[in-house]
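A short write-up of the structure that comes next.
All values reported here derive from a predicted model rather than from experimental measurement. In the text below, chain A, chain B and the rest are named by the order of the sequence lines, each starting its count at 1.
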Amino acid sequence: MTEETAAHDTPRLPTQYAPGEVEDRLYQRWNAAGYFEVDPKSGNPPFSIVIPPPNVTGALHLGHAFGHTIKDALTRRARMRGFEALWLPGMDHAGIATQTQVERHLATTEGKSRHDLSREEFVQRVWDWKHEYGGKILGQMRRLGDGVDWSRERFTMDDGLSRAVGTIFKRLFDDGLIYQAERIINWCPRCQTALSDIEVEHRDDDGELVSIRYGDGDTSVVVATTRAETMLGDTGVAVHPDDERYRHLVGRTIELPLTGRHIPVVADEHVDPEFGSGAVKVTPAHDPNDFEIGQRQNLDAVEIMDERANVTAHGPFEGLDRFEARPAVVAALRQQGRIVDEKRPYVHAVGHCSRCDTVVEPRLSQQWFVRVAPLAKAAGDAVRDGRVRLHPPDMAARYFDWVDNMHDWCISRQLWWGHRIPVWYGPNGEMVCVGPDEDPPTGEGWYQDSDVLDTWFSSALWPFSTLGWPDDTDDLRTFYPTSVMVTGYDILFFWVARMMMFGLYAMADRGPEESVPFRDVVLHGLVRDKHGKKMSKSRGNAVDPVDWMDTYGSDALRFTLARGANPGSDVPIGEDWVQGSRNFCNKIWNATRFALMNGAKVSAVQAGDDSSGALPPSDQLSTADRWILSRLHQVVAEVNTAYEEFHFARLCDTLYHFAWDEVFDWYVELSKTPLQHGGAEAENTRAVLGHVLDVTLRLLHPVIPFVTEELWLTLTGEESITVAPWPRADTRLTDVDAEGTIGELRDVVTEVRRFRSDQGLKPGQRVPARLHFDRPLLVGFEEHIRNLTRLTEPADGFSTTTAVEVAGVRVELDLSEAIDFAAERNRLEKDLAEAEKHRASAEAKLANSSFTSKAPESVVANVRAKLTETEAEITRINNQLAALPKS
RNA sequence: GGGCGCGUAGCUCAGUCGGUUAGAGCUCUCGGCUUACAACCGAGCGGUCGGAGGUUCGAGUCCUCUCGCGCCCA
């Protein structure tokens, strides 16, 4: 087969990459081939990532797409490196969100509330709903190209994970780390359930500060409150023990307006005498601080609101919502002349339900708690000891602050959808915690606790429950601890801290090193809009990632996100940038297309090796070949370093610039000359071109899996890039001389192009020129220079009208058209001024004896070299200026 | 109130251990369909690195103060 026919036999690729025709086909192929399914007994070193489970009700948003891109890149690279690489998918059951969704569905379709059904019937409806509507995100993960092991998909409510939940609950209960208590908890009156502290978001809201006079005459104090309606539940007034103003009142009672009750005045250290009047009302049943005071001072706790935050007593106020009761109570007090002062608006922090944004009501109730102190200590120590590394490391401060000051975790939820608390109560006040493999007590009067567990309780088990725990499975033995946890820094406490607590506790028998749930935690930023603003529906700047995947392809979205992933900072993203990434994919497509049309060759890519072994020996290669190979293998090393530092932005940027600025703009252009010559020269170029593209595609594959696979299959004829070996840096290919030579060549070409552009010559216009080489370095590159700058051989009658000189090459041109001497003089004068500035700077440094004596020798030598270079440059420019006719 | 982070080109961001002339993407200007690619090519414009002071031979980089912004916690 001749070279010419080889070129024609290569598959014809369209001139544009069309992701829509490629992505689905490749994803199905990968799954059919089972590339993402792992074998715990393969003997390969394990690598594992568990996805922080997305919500079963949710749809893919850019935050998911971002995290998934990172996870997929890490897993794909590990797989290529020969690891048994598991990325385990799944979802959590999202107790509140899912129950709310199904209740709404039930109301709109059947006009029923869940209370019209039995608990069992309702839970069945939730499962039905899940099967019909849930898990939309799983399909979207396929769009994104996630290389997950679908055969291991898990759900927090499935049998195995439910058993894990029951097992750990029982263990914690028996160890005294789970207890039941009556406490003030955060109550969401809309969701009708308790919430944990971190499910409450504090926000400054406009409110009011009302000062109320309690009691009369000598026995009166003024208290200020933002929640006037709670005064109905006051059972005391507290002052600081050292506060002279109120000393006479301590121990006496005072009349509580509107109620006719008399309440004691107590002294409590907790009171800040500087704030307001120095006296505070105490409502133990409706405020956490007041609850504490109440406990210390033996005050009653009077509940005045029901679970919907409606007032339950006190005549005219009964039945009013808390926000209706507030002005009503103020009005009544005002009528009695008891309002001393009112501030509106009064800005203060108000807790909101993170799920539905309803203002949270502190409520006294019986709940289940995890005693976190010992667990949190262990979770903190694992990071302090370096057994778990946080990236970026400054996040550790926030992490320690949390685990070292954590309050006990309220884990009971008043819902029907979730893991029901495995505690039974007996007719004589018995309480029995039942393990998952035990039978609950039966008989008259026994019943199970009606609450379910916080969804995060089951999510916290995810790194081991999904691998089969509590059974000692092959998966668990092989893949635990998992390698990396990738998640947004906003849920450091929700996921990471709790997974740490439970992982260390449940797997403690493995010892300190092996009980951690993961070795590295990568905390990525949040995706924001193109101006760095938070995306939200209300702002109207939210973007559906699926739209961008439809328009630009999944690779374009992934590359944009990964390229924005600077450690520790948020990721702004705009459509322009996705478009730019699409353009990059298309550029790769066309460069490979060029290579294929010119018969680029890739020898078999051996497992564990790369194709550089099959390249011609370096003494047969051209300088351009040696240059690009040298650069290629530096890039391999740089990409590996960036991966090890989880620095995705840098690795993407490195690959982007290497591929576009070096391979496509220069090597491909330089390859056209030898390819045209044919023969051994062309053969070598084909081999190098093929190798460079092969390796570059493999380096890019973890981030942009689709376009790289499509091209790589065509280029190599191999099975799949997903199981191709990860490139290894071959330092033997380093060639500093070749890099220097090509660097100078680029300078010459760029300078001539700049001259042409300044002179208004059309890019395609051929211009006769004569080249002189003052130095031997670029002597062999005349043809390359002519091709890249559109300079033709001088014909008869050639006469030099002007010249450009750089890097020891003098390019004399014959411009029959009138030359724009003024433009050229401007250009040269500008360059001269720049060069003189540099000379002055270098001279100043060298004249400074402190500098020459104290700075390292290499730095001084650099400045000396710079000065020499600059002086030569100045001479050259002056010569050229002198040669210009006076205009 | 406590803690953390950020201010670098019109916009969004890099900038390693303090060391040669501070970079990128997008935007903008000029010229081009140069048979891989107009989703492209070539050339160019654009920055006293928030401000002040200090350390140093040398500061975008280290220290202090200050102004502005963001986040977490209370």
Describe the nucleic acid contact of A:R650 in one word from base, sugar-phosphate, nothing, applying a heavy-atom distance below 4.0 Å.
nothing
Contacts table for residues 577-588 of chain A: side-chain donor-acceptor under 3.5 angstrom, sequence neighbours left out:
{"unit_1": "A:S581", "atom_1": "OG", "unit_2": "A:T560", "atom_2": "OG1", "d": "2.6"}
{"unit_1": "A:S581", "atom_1": "OG", "unit_2": "A:W577", "atom_2": "O", "d": "3.2"}
{"unit_1": "A:N586", "atom_1": "OD1", "unit_2": "A:Y17", "atom_2": "N", "d": "3.0"}

Taking for each residue the nucleotide of RNA chain B bearing the nearest heavy atom, is the 5' side occupied by A:A855 or by A:E669?
A:A855
C1' spacing across the pair B:C30 / B:A24, given as an integer number of angstrom
22 Å
Quickly work out the A:I874 CD1 to B:U21 C1' distance and round it to whole Å.
13 Å
Is A:S841 near enough to B:U21 that one of its side-chain N or O atoms lies under 4.0 angstrom from OP1 or OP2?
yes
Atom pairs under 3.5 Å: protein N/O with N/O of nucleotides 29-31 of chain B:
{"unit_1": "B:G31", "atom_1": "O3'", "unit_2": "A:K762", "atom_2": "NZ", "d": "3.1"}

Holding to side chain to side chain donor-acceptor pair (under 3.5 Å), I want the full list of residues that pass it with A:T592, two or more places apart in sequence or in another chain.
none
For a quick check of understanding: with a heavy-atom distance under 4.0 Å over all strands, which category does A:F664 fall into, base, sugar-phosphate or nothing?
base
Starting at atom NZ of A:K854, determine the distance to atom P of B:U55, rounded to an integer number of angstrom.
13 Å
Establish, yes or no, whether the cationic atom of A:R183 lies under 6.0 Å from the six-membered ring centre of A:F291 and within 45° of the ring axis.
no
Under the side chain to side chain donor-acceptor pair (under 3.5 Å) test, which residues partner A:D205, sequence neighbours left out?
A:H352
On a whole-Å scale, what distance lies between the C1' atoms belonging to B:C49 and B:U21?
16 Å
Sequence-aligned protein contact record of nucleotides 2-12 of chain B, with B where the base is within under 4.0 Å of a protein heavy atom and S where only the sugar-phosphate is:
---------SS
Between CG of A:N590 and C1' of B:U35 the distance, given in whole Å, is 12 Å
A:K845 near the nucleic acid: base, sugar-phosphate alone, or nothing, with a heavy-atom cut-off under 4.0 Å?
sugar-phosphate
Minimum-distance nucleotide (side-chain atoms of A:R593 versus B:G25, B:G19, B:A36):
B:A36
May I ask you to decide if A:A65's main-chain N or O and A:T69's side chain share a donor-acceptor pair within less than 3.5 Å?
yes
Say we look at B:C11 and B:U55: how far apart would their C1' atoms be, to the nearest angstrom?
36 Å
Tell me the interatomic distance from A:D204, atom CG, to B:C73, atom C1', rounded to whole angstroms.
13 Å
To the nearest angstrom, the CZ-C1' distance between A:F594 and B:A39 comes to 19 Å
Check whether the side chains of A:Q676 and A:E783 place a donor and an acceptor atom closer than 3.5 Å, and report yes or no.
no
For A:F646, check ring-ring contact (aromatic ring centres under 6.0 Å, His included) against everything at least two apart and list the hits.
A:H391
Give one of base, sugar-phosphate or nothing for A:S569, where a contact means two heavy atoms less than 4.0 Å apart.
sugar-phosphate
Could you tell me whether the side chain of A:Q16 has a donor or acceptor atom within less than 3.5 Å of a complementary atom in the base of B:A39?
yes
Go through the structure and list residues passing side chain to side chain donor-acceptor pair (under 3.5 Å) with A:T696, not counting sequence neighbours.
none
Given B:C40, B:U20, B:A36, the nucleotide with the shortest approach to the side chain of A:V668
B:A36
Distance, nearest 0.5 Å, that separates CH2 of A:W589 from CG of A:L13:
5.0 Å
Under 4.0 Å, counting only non-hydrogen atoms across every strand here, what does A:K672 touch: a base, just sugar-phosphate, or nothing?
base
Between A:Y489 (OH) and B:C71 (C1'), how many Å, whole number?
6 Å
Give A:V859 one of three labels, base, sugar-phosphate or nothing, depending on what nucleic acid heavy atoms sit under 4.0 Å from its own.
base
Could you note down all residue pairs passing salt bridge (charged side-chain N to carboxylate O under 4.0 Å, His left out) where residues 753-763 of chain A supplies at least one of them, sequence neighbours left out?
A:E751-A:R754, A:R754-A:D831, A:D758-A:R827
Can you check the distance between B:C13 and B:U27, where both ends of the measurement are the C1' atom (answer in whole Å)?
14 Å
On RNA chain B, check which nucleotide each of A:N848 and A:K534 is closest to and give me the residue with the more 5' one.
A:N848
One should report the stems of RNA chain B, each a stretch of at least three consecutive Watson-Crick or G-U pairs at distances under 3.5 Å, as B:1-7 with B:67-73, B:10-13 with B:23-26, B:28-32 with B:40-44, B:50-54 with B:62-66
Out of B:G19, B:C40, B:C41, which nucleotide sits closest to the side chain of A:D665?
B:C41
Residues passing the ring-ring contact (aromatic ring centres under 6.0 Å, His included) test with A:W456, sequence neighbours excluded, are A:F494, A:W495
Judged by modelled atom types alone, do A:W666 and A:D661 share a side-chain donor-acceptor pair under 3.5 Å?
no
Whole-angstrom distance between B:U34 and B:G15, as gauged at atom P:
40 Å
Touch check for A:T592, heavy atoms < 4.0 angstrom, all strands: base, sugar-phosphate only, or nothing?
nothing
Which residues share a ring-ring contact (aromatic ring centres under 6.0 Å, His included) with A:F706, sequence neighbours left out:
A:W30
With the side chain defined as heavy atoms from C-beta on, A:T750 is closest, among B:C37, B:A43, B:U21, to B:A43
Reckon A:F584 touches a base, only the sugar-phosphate, or nothing at all at heavy-atom distances under 4.0 Å?
nothing
Nearest of B:A36, B:C57, B:A39 to any side-chain atom of A:N586?
B:A39
B:G47 and B:C40: how far apart are their P atoms, nearest whole angstrom?
27 Å
Quick note, A:D576 side chain, CB onward, closest among B:U21, B:G19, B:C26 is B:C26
Considering all heavy atoms, the nearest A:A835-A:E873 contact:
CB-CG, 4.1 Å
Rounded to whole Å, how long is the line connecting atom CG of A:D570 with atom P of B:C69?
18 Å
Any side-chain N or O of A:N405 under 4.0 Å from OP1/OP2 of B:C73?
no
Taking the P atom of each, how far is B:U12 from B:G2, in whole Å?
30 Å
Using the side chain to side chain donor-acceptor pair (under 3.5 Å) criterion, which residues pair with A:E669? Sequence neighbours excluded.
A:K672
Can you tell me how far C1' in B:A74 sits from the matching atom in B:C6, rounded to whole Å?
23 Å
Across the strands shown, which category fits A:E645 at heavy-atom distances under 4.0 angstrom: base, sugar-phosphate, nothing?
nothing
Among B:A74, B:G15, B:A36, which nucleotide sits nearest the side chain of A:M597?
B:A36
So if I take every side-chain heavy atom of A:R753 and compare against B:C26, B:A24, B:A43, which nucleotide ends up nearest?
B:A43
In whole angstroms, how far is the P atom of B:G42 from the CG atom of A:D758?
16 Å
